[in-house]
Protein chains: 2
Amino acid sequence: MTPNQLQHELKKKHPFESLEQEATLNIVRTNDQFQNRFGRLFREHGLTSSQYNVLRILRGEGRPMPCLDIAERMVQVVPAMTGLVDRLEKQGLVRRDRCTEDRRVIFIELTEKGAELLQRLDEPVMELHRTLVGHLSQAELKELSRLLEKCRQSVRSADCVRSAE
Amino acid sequence: MTPNQLQHELKKKHPFESLEQEATLNIVRTNDQFQNRFGRLFREHGLTSSQYNVLRILRGEGRPMPCLDIAERMVQVVPAMTGLVDRLEKQGLVRRDRCTEDRRVIFIELTEKGAELLQRLDEPVMELHRTLVGHLSQAELKELSRLLEKCRQSVRSADCVRSAE
DNA sequence: CGACGATAGTTCACATGTAAACTATCGTCC
DNA sequence: GGACGATAGTTTACATGTGAACTATCGTCG
């Protein structure tokens with residue numbers, strides 16, 4: 001057992017002030033390293049992590065979606081979607097389609113080319129998931145997901161408070 | 001118990017293909033939401049998350065550090081440090097100092113003003129840590145950190161392979 | 001009908017990250 | 001002591017995120 005692996009990784013001289021701080025930093029650092037890996041994989045196929053995310057969401061939904069709905073499922077704010085879709089459209093991976101009933105909304109649709117690219121990525125992505133966390137037991141993975149979901153409950157409740165202000 | 005909270009959050013129609021995928025997405029999503037919160041807090045004080053990180057690293061080290069050493073403790077690549085330090089210097093929070101022995105290295109030093117800003121942030125930051133994960137028990141926090149550290153072991157070993165190529 | 005608030009996207013300004021190319025120095029080896 | 005590879009930073013080009021302001025529509029209410 002390495003009781004202070006994170007402290008060692010960060011070359012921190014002082015121990016963590018609290019378990020809360022240590023856990024939070026562990027989340028951030030793990031995410032950064034994972035994002036790094038996925039980013040590299042996607043880049044080999046001409047995509048970024050965000051772009052891949054958009055394509056995945058569109059495939060999961062199975063039909064064209066408005067910008068706002070896509071942004072809502074990603075954590076990001078709306079304005080970023082414009083440029084994101086611009087580049088995906090330029091690559092021919094999605095198509096913009098203005099809704100006829102409500103001319104304010106613009107549907108984003110996955111193209112055949114986009115679907116094919118996604119499919120080519122399925123196996124490598126699954127493989128990377130296994131590489132990154134496959135050495136944890138099924139029980140550990142379940143526990144990890146449970147703890148992280150519990151973490152997010154605080155954000156949700158805090159957001160409720162904020163939106164009630 | 002909510003067995004598929006993440007699936008519900010993402011409005012995913014299909015269940016996750018694997019526990020590995022679910023755990024990875026849980027890490028990413030939790031991180032995004034936490035970063036969001038910390039970013040807001042730092043912004044109220046005129047800082048970004050990255051800038052705060054640099055200041056924290058400098059205070060932890062207790063003395064001036066070369067750019068590379070700072071970048072190494074963050075996950076990011078080197079080039080980003082230049083602009084980051086530029087802006088911190090413009091705000092008077094750090095100072096650049098060229099080393100006399102080795103004129104290639106430039107020491108970054110925390111200024112008095114930077115130290116004061118950090119100190120003002122200490123309490124709010126600690127408070128936010130508690131808000132975000134304080135509802136987990138001490139045992140859960142320890143287990144979460146343990147699992148995340150175990151996750152990162154795969155990245156480390158994979159990096160060894162890569163650097164040996 | 002016509003003003004007005006709400007909603008969907010876009011544009012803008014600014015701070016990051018990433019990779020690749022470039023500059024200034026250092027060390028070392030012949 | 002001069003070439004050469006390695007090291008520390010910077011610059012450049014491009015894709016993100018974030019907040020604020022703006023445009024086009026919709027709906028509704030008077």
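In the text below, chain A, chain B and the rest are named by the order of the sequence lines, each starting its count at 1. Because only heavy atoms are used, hydrogens play no part in the values below, and waters and symmetry mates are left out as well, while side chains stay in.
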Exercise. So which one's nearest nucleotide on DNA chain C is more toward 5', A:Asp102 or A:Arg43?
Worked result: A:Asp102

Exercise. Would you call B:Glu116-B:Lys113 a salt bridge at under 4.0 Å N-O?
Worked result: no

Exercise. What nucleic acid atoms does A:Asn36 come within less than 4.0 Å of, heavy atoms only: base, sugar-phosphate, or nothing?
Worked result: sugar-phosphate

Problem set entry | Ion pair check, A:Arg37 and A:Glu127, cut-off under 4.0 Å | no

For this session: May I have the distance from A:Asp97 (atom CG) to C:dA8 (atom C1'), rounded to whole angstrom?
Result: 16 Å

Exercise. Closest approach of A:Gln35 and A:Ser49, non-hydrogen atoms and distance?
Worked result: OE1-OG, 3.6 Å

For this session: Quickly work out the A:Phe38 CZ to C:dG17 C1' distance and round it to whole Å.
Result: 18 Å

Exercise. Would you say C:dT16 has OP1 or OP2 under 4.0 Å from some side-chain N or O of B:Gln51?
Worked result: yes

Exercise. Ignoring hydrogens and angles, does a donor from either the side chain of A:Arg103 or the base of D:dT25 sit under 3.5 Å from an acceptor on the other?
Worked result: no

Problem set entry | Rounded (10°) bend between the five-pair end axes of the helix from C:dC1-D:dG30 to C:dC30-D:dG1 | 10°

Exercise. How is A:Ser50 classified with respect to the nucleic acid when contacts are heavy atoms under 4.0 Å: base, sugar-phosphate, or nothing?
Worked result: sugar-phosphate

Exercise. CZ of B:Phe42 versus P of C:dC14: gap in Å, rounded?
Worked result: 23 Å

Exercise. Got a salt bridge between A:Glu149 and A:Arg146, using NZ or NE/NH1/NH2 to carboxylate O under 4.0 Å?
Worked result: no

For this session: Identify whether any heavy atom of B:Arg96 sits under 4.0 Å from a base atom; if not, whether one sits that close to sugar-phosphate; answer base, sugar-phosphate or nothing.
Result: sugar-phosphate

Seminar exercise, completed: Expected list for residues 59-74 of chain B near DNA chain C, using heavy atoms below 4.0 Å, is none

Exercise. Roughly, in whole Å, what's the span from CE in B:Met81 to P in C:dG17?
Worked result: 11 Å

For this session: Round to a whole Å and report the spacing from CD of B:Gln35 to C1' of D:dG19.
Result: 17 Å

Problem set entry | Nucleotide nearest A:Arg87 (side chain, heavy atoms from C-beta), chosen from D:dT12, D:dA15, C:dT25 | D:dA15

Exercise. Roughly how far, to the nearest 0.5 Å, is CD of B:Glu20 from CG of A:Leu128?
Worked result: 11.5 Å

Exercise. Taking the six-membered ring for Trp, is the centroid-to-centroid distance between A:Phe34 and A:His129 below 6.0 Å?
Worked result: no

Exercise. Within this structure, what is the CZ-to-C1' distance between B:Arg104 and C:dT25, rounded to whole angstrom?
Worked result: 5 Å

For this session: Take B:Leu121 and B:Leu47 through the side-chain contact (heavy atoms from CB on, under 4.5 Å) test and state the conclusion after the steps.
Result: CA-CA 10 Å; B:Leu121 274 163; B:Leu47 286 180; 3.8 Å; yes

Exercise. What's the closest nucleotide to the A:Pro79 side chain, out of D:dG9, C:dT11, C:dT25?
Worked result: C:dT11

For this session: Have a look at B:Glu101 and say if it touches a base, only the backbone sugar-phosphate, or nothing, with a 4.0 Å heavy-atom cut-off.
Result: sugar-phosphate

Exercise. On DNA chain D, nearest-nucleotide positions of A:Thr48 versus A:Arg98: which is more 5'?
Worked result: A:Thr48

Exercise. Between A:Tyr52 and A:Phe42, how do the two ring planes meet: parallel, tilted or perpendicular, split at 30° and 60°?
Worked result: parallel

Exercise. Given atom OH of B:Tyr52 and atom C1' of C:dA15, what is their separation to the nearest angstrom?
Worked result: 19 Å

For this session: Apply salt bridge (Lys or Arg N to Asp or Glu O under 4.0 Å) to the pair A:Arg56 and B:Glu17, showing each step before the final yes or no.
Result: CA-CA 13 Å; A:Arg56 265 308 271 268; B:Glu17 286 115 49; 3.6 Å; yes

Problem set entry | Gap between atoms CG and C1', on A:Asp86 and C:dT11 respectively (whole Å) | 11 Å

Exercise. Under a 4.0 Å N-O cut-off, is there an ion pair linking A:Arg152 with B:Asp32?
Worked result: no

